[in-house]
Amino acid sequence: MQKAQNKALRERSLFIREALVFFSLVRQYWPLILSIGLFFGWLLSYPMQGPILGSAAAAEGANPLLPIVRFLAGIIVGQIAFGILGYYFQKALRWFALSGFLCLLCSVAALNTPMANSESLFALMGLASAPLIISWGAAFTRSVLPNQRGRVLVSAIALSNIILYIIIQASAVLSSDTLVLLTLPLLVLAPMALFYSYSQIAMLPPPTPEVPAKLFSFWPLLPFVFAVYIVGGLMYTIISTSWAGSGISAVYSVIPYIVLVFIAGSIADRRGRRVNAILGTGILGVGFMLYGISGGIMLPIVIHTLVVGGFAFMDTFTWTVPADLATGRRAPVFYGGVLGANVIAILIGILLGEQLGDSISEALVLTVSVAGLLLFASLAFLPKLAETLTRNIAPELSISEKITKVFQRAGLTPRELEVAGLVVTGASTEEMHEHLYISPDTLKSHLRNIYRKLGVKNRLEMTQRLLNSSFDEFS
């Protein structure tokens with residue numbers, strides 16, 4: 001009994017600590033969270049096969065597939081093109097945020113255009129969406145510490161899905177034109193919040209151009225993401241259509257995603273990114289297997305929770321890894337490449353799902369089989385995925401027991417001991433920044449204190465005296 005009570009108290013304490021951490025990060029990074037949360041709230045609600053597009057298609061008796069395909073094609077081209085552009089023109093990244101206003105103009109134009117004639121507008125929406133996403137990825141990489149990225153990201157993801165849920169409920173009573181007008185303010189506030197984020201990080205040191213370190217060791221990332229998100233495209237078409245009449249889509253909808261994404265963010269920062277990839281593929285696999293044998297009232301709800309929830313873990317993994325890998329100026333390229341592969345896979349999955357649904361009257365078995373094969377293929381790459389949270393460009397750095405003893409005699413604090421250890425091993429200033437996650441001013445302050453306590457003038461003198469003199473000199 002006592003053990004059970006102690007366990008409950010520990011779990012409650014952990015929950016409270018995590019809630020406080022989330023609250024603190026939201027206060028610190030609210031412009032960054034607000035910008036992408038609002039923008040994706042619009043994107044999920046309208047062009048990305050959202051309820052607004054569905055309502056408009058139903059009112060006109062049109063098929064929304066072609067506008068969706070054009071939108072996804074536009075965003076693919078935009079992710080690649082603006083990712084490369086952002087790499088070469090770093091100062092332009094802030095101005096990429098203004099592309100949200102072009103999305104606003106396209107949305108207004110689409111209000112007065114029949115869906116059959118609006119494919120070019122949706123392609124332009126996709127193209128205009130990419131620069132803002134690339135811009136956000138660069139700001140996210142530069143301003144958020146690695147062990148905070150998961151929680152900051154999922155706070156934004158949760159906001160976008162809360163907006164989507166509100167729009168889903170409103171679509172039952174409001175017209176598509178009214179819903180579009182309701183989401184237009186999101187496209188005004190999103191770039192403004194992102195602009196404010198850039199003003200907040202203006203004092204940070206500019207990204208340092210770097211040669212990718214062992215980049216080819218991360219090659220399994222793209223095929224893994226590609227295989228899993230083809231399954232995501234299948235989910236959007238086949239499963240959402242087959243469950244539309246059950247009421248799950250309207251009532252339960254994205255609730256499991258919103259709940260589980262917070263867990264995914266906490267895991268990403270506490271345990272690493274690969275855990276989310278493992279959980280995501282595992283949960284998706286179970287969900288699709290159950291989908292193949294579904295029956296009864298409660299089982300579809302369980303399946304929906306598993307399939308939608310699985311992508312909460314996968315999305316967290318897919319969006320945090322590029323930031324971990326993209327040190328220096330490479331953030332636009334990494335976000336363009338990884339997210340571009342993500343969208344290509346979703347597009348293929350949607351087209352494949354439509355084809356499966358049209359080719360045979362009973363597509364259930366075939367759909368589940370295809371999804372199962374793709375998830376099985378992704379498992380081949382899963383063991384090869386490197387953990388990016390703990391990756392350091394600097395080698396694993398340590399100091400001997402004797403040197404540690406000398407530093408302790410000099411009265412160095414634990415943090416100063418870390419800095420001194422890096423100095424002795426010859427780490428550069430950039431490597432020390434990345435290893436310790438501290439600002440340049442903080443590093444300079446630590447170095448001044450270390451030199452004063454050891455009676456030296458610079459890091460070279462410190463290393464030489466430490467290696468060539470008796471240890472008693474520092475006592």
Side-chain angles (χ1 to χ4, degrees), residues 44 48-51 150 153-154 157-158 160-162 164-165 168 224-268 271 273-320 342 345-346 349-350 352-353 356-357 363-382 385:
L44 294 173
M48 192 67 178
Q49 204 176 3
L153 171 71
V154 301
I157 292 177
S160 65
N161 280 271
I162 290 169
L164 172 61
Y165 186 80
I168 288 172
F224 173 74
V225 168
F226 195 78
V228 173
Y229 278 93
I230 292 179
V231 177
L234 284 170
M235 180 195 74
Y236 280 132
T237 52
I238 299 294
I239 296 180
S240 60
T241 300
S242 64
W243 288 343
S246 68
I248 295 175
S249 177
V251 179
Y252 197 49
S253 128
V254 294
I255 289 176
Y257 185 96
I258 293 171
V259 172
L260 290 175
V261 81
F262 282 107
I263 299 174
S266 180
I267 290 173
R271 303 296 181 187
R273 320 306 192 203
R274 288 185 74 251
V275 179
N276 277 322
I278 294 167
L279 288 173
T281 50
I283 292 170
L284 284 171
V286 174
F288 270 95
M289 282 192 296
L290 287 176
Y291 177 62
I293 56 173
S294 60
I297 297 174
M298 290 303 296
L299 191 54
I301 297 178
V302 174
I303 298 167
H304 184 82
T305 301
L306 292 171
V307 175
V308 175
F311 279 101
F313 293 95
M314 280 305 307
D315 289 347
T316 305
F317 170 81
T318 305
W319 278 76
T320 51
N342 182 336
I346 291 173
I350 289 174
L352 185 60
L356 289 174
L364 175 62
V365 175
L366 185 57
T367 301
V368 174
S369 300
V370 171
L373 286 173
L374 289 167
L375 287 172
F376 183 77
S378 71
L379 293 177
F381 299 101
L382 189 56
L385 293 176

Worksheet, complete the sentence: Across all chains, not counting sequence neighbours, the ring-ring contact (aromatic ring centres under 6.0 Å, His included) partners of Phe313 are none
Practice prompt. Apply the side chain to side chain contact (heavy atoms under 4.5 Å, CB included) test between Ile258 and each candidate in Ile157, Val154, Ile162; give the one that qualifies.
Written response: Ile162
Item to complete: Give a yes or no on whether the backbone of Ala312 and the side-chain of Thr316 come within a donor-acceptor separation of less than 3.5 Å.
Response: yes
Worksheet item: With sequence neighbours left out, what residues match Phe224 under ring-ring contact (aromatic ring centres under 6.0 Å, His included)?
Response: Phe317
Worksheet item: Sequence neighbours excluded, which residues qualify as side chain to side chain donor-acceptor pair (under 3.5 Å) partners of Tyr257?
Response: Asp315
Could you give the side-chain donor-acceptor pairs of residues 370-381 under 3.5 Å, partners two or more places apart or in another chain?
from: Ser378; atom 1: OG; to: Leu375; atom 2: O; distance (Å): 2.6

Discussion item. Show me the pairs that pass side chain to side chain donor-acceptor pair (under 3.5 Å) and involve residues 276-288, at least two apart or across chains.
Written reply: none
Discussion item. By the definition side chain to side chain contact (heavy atoms under 4.5 Å, CB included), identify the one residue from Ile263, Ile267, Leu284 that meets it with Leu279.
Written reply: Ile267
Discussion item. According to ring-ring contact (aromatic ring centres under 6.0 Å, His included), who are the partners of Phe226, at least two apart in sequence or on a separate chain?
Written reply: none
Discussion item. Quick check for you: to the nearest 0.5 Å, what is the distance between Ile255 atom CD1 and Leu260 atom CG?
Written reply: 11.5 Å
Discussion item. Rounded at 0.5 Å granularity, tell me how far CG in Leu385 sits from CZ in Arg274.
Written reply: 6.0 Å
Worksheet item: Are side-chain heavy atoms of Val302 and Thr305 found at a separation under 4.5 Å?
Response: no
